[in-house]
Every structure is written in C-alpha cells, then in structure tokens.
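Take a look at the structure below.
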Amino acid sequence: MSPPNLLVTGVTGFIGFKVLLNALEEGYTVRAAVRSIAQSKFLASHPKIIELDLSDKLSFVEVPDFTRDGAYDQALKGVTYVIHLAAPLPAPSRDPQTGIYEPTIKSVTTLLHSALKEPSIKKLVITFSVFANIPFPSDGREITAESRLPDLSGPFDGLIPAYNAGKIGALNATERFVNEHNPPFAAVKIMPGLAFGRDDRALTVNDMSNGTNGMLLSIITGKTAPPFPAGVGHVADIAKVHLLALKEGVDGSFGVTRVNVWDDAWPIVKKHFPKAVASGIFTQGSQPTIPINWNAHQTEVTFGFDFKSYEDIVVDAVGQYLELSGKEKA
C-alpha cells in the first residue's frame, strides 16, 4: 500500500461514509479515523467498500477520544490532507453541555493543534454546519458562509441550543487559531445543511431511519414533529464539496444548503410515488418549518455545479426506503 495522503474522520457517519467512498473512487489513499477496531471491521466488510475493490487504498487508525490533547498526533503522521467530520450529534442520551457543546469545540481544536505539529499537512477541510451562523430566534436577514456570530455562553440544558452553540464556538475557535498561529496549512470551512438523500451505509430500513433521513420519512409516514429550521443538503452535494475543497487554491468558507419547506415532501411523494401513496405505504404527516434565509449560491458558483433540489432529495431518500423495504417504487 502506498502511504496514505488523506485522513478522514467521522467515516461511520452519513456524510463521512459518502466522503470516504468518493475519496477512494477519486484515487486518494485514505487513512480513516475510527474510535474502535469494531468500527474498522464494520467498514472494511461493508458491501460498498468491498464493491470498490480498493482495500490497498484504505487503512484505519484508532482515535478513541477525539477531545483528548494530542488525540490526532499519530493519525496525522505523513498525510497531506485532512477532512474532519467527526463531531457529536444531538442525541437524547448525551448531556447538552458535556456531551455536545464542549466536545464539538474540543474535537476541532485538538485536531488543529495536532496538525500544527505535522509538517506534511497542506490543508484541513473542517465540517461545521449551517447552525454555526444561524441566530436563534432568526431575524430574517440573509445568512452566507461569511456570516459570523459571537460565542454563546452556557451552560446549556437543551440539545439543539447546545448543538448550535457548539458549532458557533468551533467555527470561531478555528478562525482564532488561524489568526493566532498563522499555520502553514489552509483551513477550509464547510457548512452543510441537514443532510438527506441515499444513505450508502444503510442495509436495512432501520439503518436508514436511524439517520437524518428518519426525519424526512416521518413527514410522509403520518408523524408530526415540532417546528424545525429550514436548510437541507443532498449528501452527494455535501461530499462533493468536501473533496473539491481539497483542490489547489481553494480556501475560505462554503455553505452547502438549500432553503426548503419541510411539508413540501408530501406533494413530492404524491407526484413521484402515487402507487405507494394509494396503497397506504405513505401517509401525510407534518414538520412545520422555521424560515431561515441561508444563501449558499456562491459555493455553486465557485465549484461550477448546482445543488440538488429538495425534490431531488425527497425522491432519492424515498426511493431507497422503498428498495430496502421491498416495496414497489411507483
């Protein structure tokens, strides 16, 4: 095996797994950071990885605790590029302060400090979120990848406020680090909307429903949920931007999101999957939308492609759901 030239973290996640597949397909020799040997075995044996037949281009390194100082020192040895996606999700089992807010920031700062010790590194591509610069409550003003918010003071006792504050804090900490240390590498910031679309990890309906696609599927399976901010990205677009950001001369901040209305999923499903609607597989639910004016068009201009629409996202996710459940698509 040739020496790895790209470290990817967060590879067991929805976006991370797509980035891993695309990076291998594009010819990178990837070192994938995982928390345990069990995760590396799962990934190495996944049908999508086996199908690529590129085992000589993929290796694994264990990073059990990405918040520990020096956590990435060994993982970064000899690599040229890094795509950093590992971060805690706002799961109910996590403490908002110590399980979401604090590790969201620490996972980025530990990586930056480790990278500063490794002379081979030319570029870091770090994943944040559109939540990194959305004020709550929203004031209706246009938000772009250049918008910034001040750090929010805690402690936080709610999952979404902690997630929001953690993303804001991680972005600000990254930019402070660059200003203070003037590192020899570039640090590109990616801000995706909530990711949906075909989940390459999923082997069953449960696998798919356990990811962010579960939120979309709820809208078309009769469930109701509290209002949620607009802003979606197709996982294929998000992964594509991460890899394009590795190219020579690319630097700065890039959003990958489209404004959406959550409940528009229902007329889209009625249009594209009428038989499934008629047979009762899908029934109308509701997910009220909090309007957010996030404009990521400059990313489309910079990289020369248009993001997939909310309709594309719904069709891809619902199509995979029907495939995995053995139901007829139309």
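Along the sequence shown, residues carry numbers from 1. A quick note: this is a predicted structure, and the numbers were derived from the prediction, not measured.
Using a distance-only test at 3.5 Å, with no hydrogens or angles considered, a donor-acceptor pair links the side chain of Thr299 to the main chain of Gly255. Not one N or O on the side chain of Ser114 forms a donor-acceptor pair closer than 3.5 Å with the backbone of Leu111. Judged by distance alone, the side chain of Gln320 and the main-chain N or O of Asp199 form a donor-acceptor pair under 3.5 Å. Here the side chain of Ser36 pairs a donor or acceptor atom with the backbone of Gln39 at under 3.5 angstrom. The backbone N or O of Pro291 sits nowhere less than 3.5 Å from a side-chain atom of Thr289 that would complete a donor-acceptor pair. For Thr110 (side chain) and Ala71 (main-chain N/O), no donor-acceptor pair under 3.5 Å exists by modelled atom type. Without hydrogens or angle criteria, Arg201 side chain to Thr12 main chain gives a donor-acceptor distance under 3.5 Å. The main-chain N or O of Val79 is found under 3.5 Å from a side-chain atom of Ser120 such that the two form a donor-acceptor pair. Looking only at distances, no side-chain donor or acceptor of Arg148 sits under 3.5 Å from a matching main-chain atom of Asn172. Judged purely by atom type and a 3.5 angstrom limit, His234 has no side-chain atom pairing as donor or acceptor with the backbone of Tyr310.
Residue pairs satisfying the side-chain hydrogen bond (donor to acceptor under 3.5 Å, both in side chains) criterion with at least one member in residues 89-104, sequence neighbours excluded, are listed as follows: Asp95-Thr98, Gln97-Glu102. The stretch residues 153-169 participates, sequence neighbours left out, in no side-chain hydrogen bond (donor to acceptor under 3.5 Å, both in side chains) pair at all. Listed by first then second residue, pairs satisfying ring pair (Phe, Tyr, Trp, His ring centres under 6.0 Å) with a partner in residues 4-32 read Phe17-His46, not counting sequence neighbours. Within the structure, the salt bridge (charged side-chain N to carboxylate O under 4.0 Å, His left out) test picks out the following pairs touching residues 285-303 (sequence neighbours left out): Arg258-Glu300. Sorted pairs that involve residues 119-133 and meet salt bridge (charged side-chain N to carboxylate O under 4.0 Å, His left out), not counting sequence neighbours, are lacking altogether.
No donor-acceptor contact under 3.5 angstrom links the side chains of Ser209 and Asn206, judged on distance only.
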So Asn295 and Glu142, side chain to side chain donor-acceptor pair (under 3.5 Å) or not? Walk me through it. CA-CA 7 Å; Asn295 185 349; Glu142 182 179 76; 3.0 Å; yes
Could you go through the side-chain contact (heavy atoms from CB on, under 4.5 Å) check for Phe305 and Leu244 one step at a time? CA-CA 11 Å; Phe305 76 100; Leu244 287 171; 3.9 Å; yes
Working for ring pair (Phe, Tyr, Trp, His ring centres under 6.0 Å), residues His113 and Tyr72: CA-CA 9 Å; His113 283 284; Tyr72 287 103; over 10 Å; no
Tell me, with the steps shown, if Val125 and Val82 meet side-chain contact (heavy atoms from CB on, under 4.5 Å). CA-CA 6 Å; Val125 175; Val82 181; over 6 Å; no
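Comment: Lys308 does not engage Asp237 in a salt bridge, judged by the lack of any side-chain N to carboxylate O separation of less than 4.0 angstrom. Lys117 has a carboxylate O that lies under 4.0 Å from a charged side-chain N of Asp73, or vice versa, which qualifies the two as a salt bridge.
Within 6.0 Å of CD on Glu26 lie more than 12 heavy atoms contributed by other residues, nucleotides or ligands. Asp139 CG: more than 12 foreign heavy atoms inside a 6.0 Å radius.
A distance of 6.0 Å or more separates the ring centres of Phe273 and Trp266. Ring centers of Phe307 and His297: at least 6.0 Å apart, outside the cut-off.
Rounded to the nearest 0.5 angstrom, Thr257 OG1 and Ile238 CD1 are separated by 8.0 Å.
Residues satisfying the ring-ring contact (aromatic ring centres under 6.0 Å, His included) criterion with Phe303, sequence neighbours excluded, are Phe254.
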